[in-house]
Each structure stands twice: as structure tokens, then as C-alpha cells.
K.L.:
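What follows is a structure written as C-alpha cells; I'll ask about it next.
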Amino acid sequence: MRHAKSSWDDLYVDDFKRPLSERGLKNSEMLNAFLKSKKVSFDKVYSSSSVRTEITCSVVLEGIFEFDKVSFLDDFYHASAEYLKNFLLDKTLQESVLIVGHNPGLSDLVSYLSKRDIYLRTCLLYTSDAADDLLCVD
């Protein structure tokens with residue numbers, strides 16, 4: 001899942017510390033409601049430790065996954081597709097894993113895994129279980 005839309009109200013804030021915009025918060029709430037309605041759950045959640053990904057996780061995962069069990073990783077901040085792919089290969093394949101991160105690495109990873117050219121817009125979730133593959137509330 002790519003983080004929700006970030007705020008550009010303060011052009012001088014460090015990119016890592018950029019919060020979500022109002023639209024990003026609203027879209028995160030909508031994705032949360034959708035995931036709850038479909039009874040989607042995850043065994044593990046790994047996220048970039050940037051402010052916008054942390055906020056996205058806290059809203060999207062509310063009532064689905066315990067926020068204090070999310071693993072926030074500095075290495076996920078602008079991680080490459082290769083890094084994310086190797087990270088996933090180290091995880092148990094029997095588990096349902098959610099990765100929350102940034103482009104271009106995340107889109108590149110999804111494109112590689114799906115064997116299609118995919119660009120993840122903000123607050124978009126790719127899942128190999130969905131008939132559609134892409135869940136978007138934008």
C-alpha cells in the first residue's frame with residue numbers, strides 16, 4: 001500500500017516529516033471502512049517510518065491490526081523495489097504481509113510481482129488476492 005496524500009501546506013517541512021493532507025486523511029478513513037467491510041486482515045505489517053506512512057497506518061489499520069504491532073522501518077523510506085523484494089523473500093510465505101511505503105520503489109515492486117506496469121497512486125492498495133488487484137479510494 002502506498003501512503004495517503006501528503007500535505008504540501010508547509011513547503012519547508014522535511015520530506016520525511018511531511019504529514020497527510022485532509023484528502024489523505026479522508027481517503028485513509030475510506031480505505032479503512034472498505035477493508036473492514038471485506039473483513040481483510042494481515043498477519044504482519046511493515047511500514048516506512050516516515051510521518052505520512054505512520055499516519056496512514058494508524059487510520060487505515062484502525063480496528064484491523066494493532067498499531068503498536070506495526071514494524072516501522074527506516075530502510076523502507078524510499079526503498080528500492082529490489083530491497084523490498086529481498087525483504088519479502090525473507091518473510092514466511094504462509095503469512096499475509098502488508099507493506100506500506102513510497103514510490104517509485106513500491107510501484108516498481110508491484111509491477112514486478114504482477115508482471116504488469118502498475119503505478120500506485122496515493123492511498124492505493126495492491127493485493128494478490130483481489131480479483132481486481134488494486135483497491136483505490138482516490
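Treat the numbers as computed from the prediction; the structure is a model and nothing was measured. All heavy atoms count here, side chains included; hydrogens, waters and symmetry mates do not.
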K.L.:
Under the rule for salt bridge (Lys or Arg N to Asp or Glu O under 4.0 Å), what residues qualify as partners of D15, not counting sequence neighbours?
P.N.:
R18, R52
K.L.:
Measure across C57 and V100 and return the closest heavy-atom pair with its distance rounded to 0.1 Å.
P.N.:
SG-CG2, 3.6 Å
K.L.:
Mind checking ring pair (Phe, Tyr, Trp, His ring centres under 6.0 Å) for F16 and listing every partner two or more places apart, or none if nothing turns up?
P.N.:
Y77
K.L.:
If you look only at pairs with a residue in residues 36-57, which of them pass as a ring-ring contact (aromatic ring centres under 6.0 Å, His included), with sequence neighbours excluded?
P.N.:
Y46-F87
K.L.:
I'd like to know if the side chain of S107 reaches the main chain of L120, judged simply by a donor and an acceptor atom lying under 3.5 Å from each other, with no hydrogens or angles considered.
P.N.:
yes
K.L.:
Among all residues two or more places apart in sequence or in another chain, which pass the side-chain hydrogen bond (donor to acceptor under 3.5 Å, both in side chains) test with D14?
P.N.:
none
K.L.:
Do any pairs count as a salt bridge (Lys or Arg N to Asp or Glu O under 4.0 Å) and have a residue in residues 77-86, sequence neighbours left out, and if so which ones?
P.N.:
E82-K85
K.L.:
Any chance you could measure L106, atom CG, to S48, atom OG, to the nearest 0.5 Å?
P.N.:
10.0 Å
K.L.:
Would you say the side chain of S49 lies within less than 4.5 Å of the side chain of F76, judging by non-hydrogen atoms?
P.N.:
no
K.L.:
Run the numbers on L35 and V60 for side-chain contact (heavy atoms from CB on, under 4.5 Å), then give the verdict.
P.N.:
CA-CA 8 Å; L35 293 175; V60 170; 3.7 Å; yes
K.L.:
Do N103 and Y119 come within less than 4.5 Å of each other through their side chains, counting heavy atoms only?
P.N.:
yes
K.L.:
Heavy atoms only: give me the nearest K5-T122 pair and the separation to one decimal.
P.N.:
N-CB, 3.6 Å
K.L.:
Among residues at least two apart in sequence or on other chains, which ones pass side-chain hydrogen bond (donor to acceptor under 3.5 Å, both in side chains) with D9?
P.N.:
S7
K.L.:
Is there side-chain contact between M1 and L31, with heavy atoms separated by less than 4.5 Å?
P.N.:
yes
K.L.:
About how many Å separate CG of L84 and OH of Y112, when rounded to the nearest 0.5 Å?
P.N.:
12.5 Å
K.L.:
Checking S80 now: which residues fulfil side-chain hydrogen bond (donor to acceptor under 3.5 Å, both in side chains) with it, not counting sequence neighbours?
P.N.:
none
K.L.:
Among all residues two or more places apart in sequence or in another chain, which pass the ring pair (Phe, Tyr, Trp, His ring centres under 6.0 Å) test with F72?
P.N.:
F67
K.L.:
Side chains of T56 and T53 only: does a donor on one sit below 3.5 Å from an acceptor on the other?
P.N.:
no
K.L.:
Determine whether C123 and H3 make a side-chain contact, defined as any pair of heavy atoms from C-beta on separated by less than 4.5 Å.
P.N.:
no
K.L.:
Would you compute the distance between atom CD1 of I99 and atom OG of S71 and round it to the nearest 0.5 angstrom?
P.N.:
11.0 Å
K.L.:
Could you identify which residues cluster with I55, counting Ile, Leu, Val, Met, Phe, Trp and Tyr as linked when any side-chain heavy atoms lie under 4.5 Å apart, either directly or through a chain of such contacts?
P.N.:
L20, L25, V51, V59
K.L.:
Ignoring hydrogens, what is the shortest heavy-atom contact between E62 and N32? Give both atom names and the distance.
P.N.:
O-ND2, 2.8 Å
K.L.:
Less than 4.5 Å apart, any side-chain heavy atom of R116 and any of S111?
P.N.:
no
K.L.:
Which residues pass the salt bridge (Lys or Arg N to Asp or Glu O under 4.0 Å) test with K69, not counting sequence neighbours?
P.N.:
E66
K.L.:
Could you work out, with side-chain hydrogen bond (donor to acceptor under 3.5 Å, both in side chains) as the rule, every residue matching Y83, not counting sequence neighbours?
P.N.:
D75
K.L.:
Heavy atoms, side chains only, cut-off 4.5 Å: are K44 and L98 in contact?
P.N.:
no
K.L.:
Shortest non-hydrogen contact from H102 to H78?
P.N.:
CD2-N, 3.6 Å
K.L.:
Quick one: do L109 and L113 satisfy side-chain contact (heavy atoms from CB on, under 4.5 Å)? Show the steps, please.
P.N.:
CA-CA 6 Å; L109 174 68; L113 293 173; 3.9 Å; yes
K.L.:
Heavy-atom count check: over 12 atoms from other residues, nucleotides or ligands less than 6.0 Å from K36 NZ?
P.N.:
yes
K.L.:
Kindly give the heavy-atom pair with the smallest separation between S41 and S96, and that separation in Å.
P.N.:
O-OG, 3.5 Å
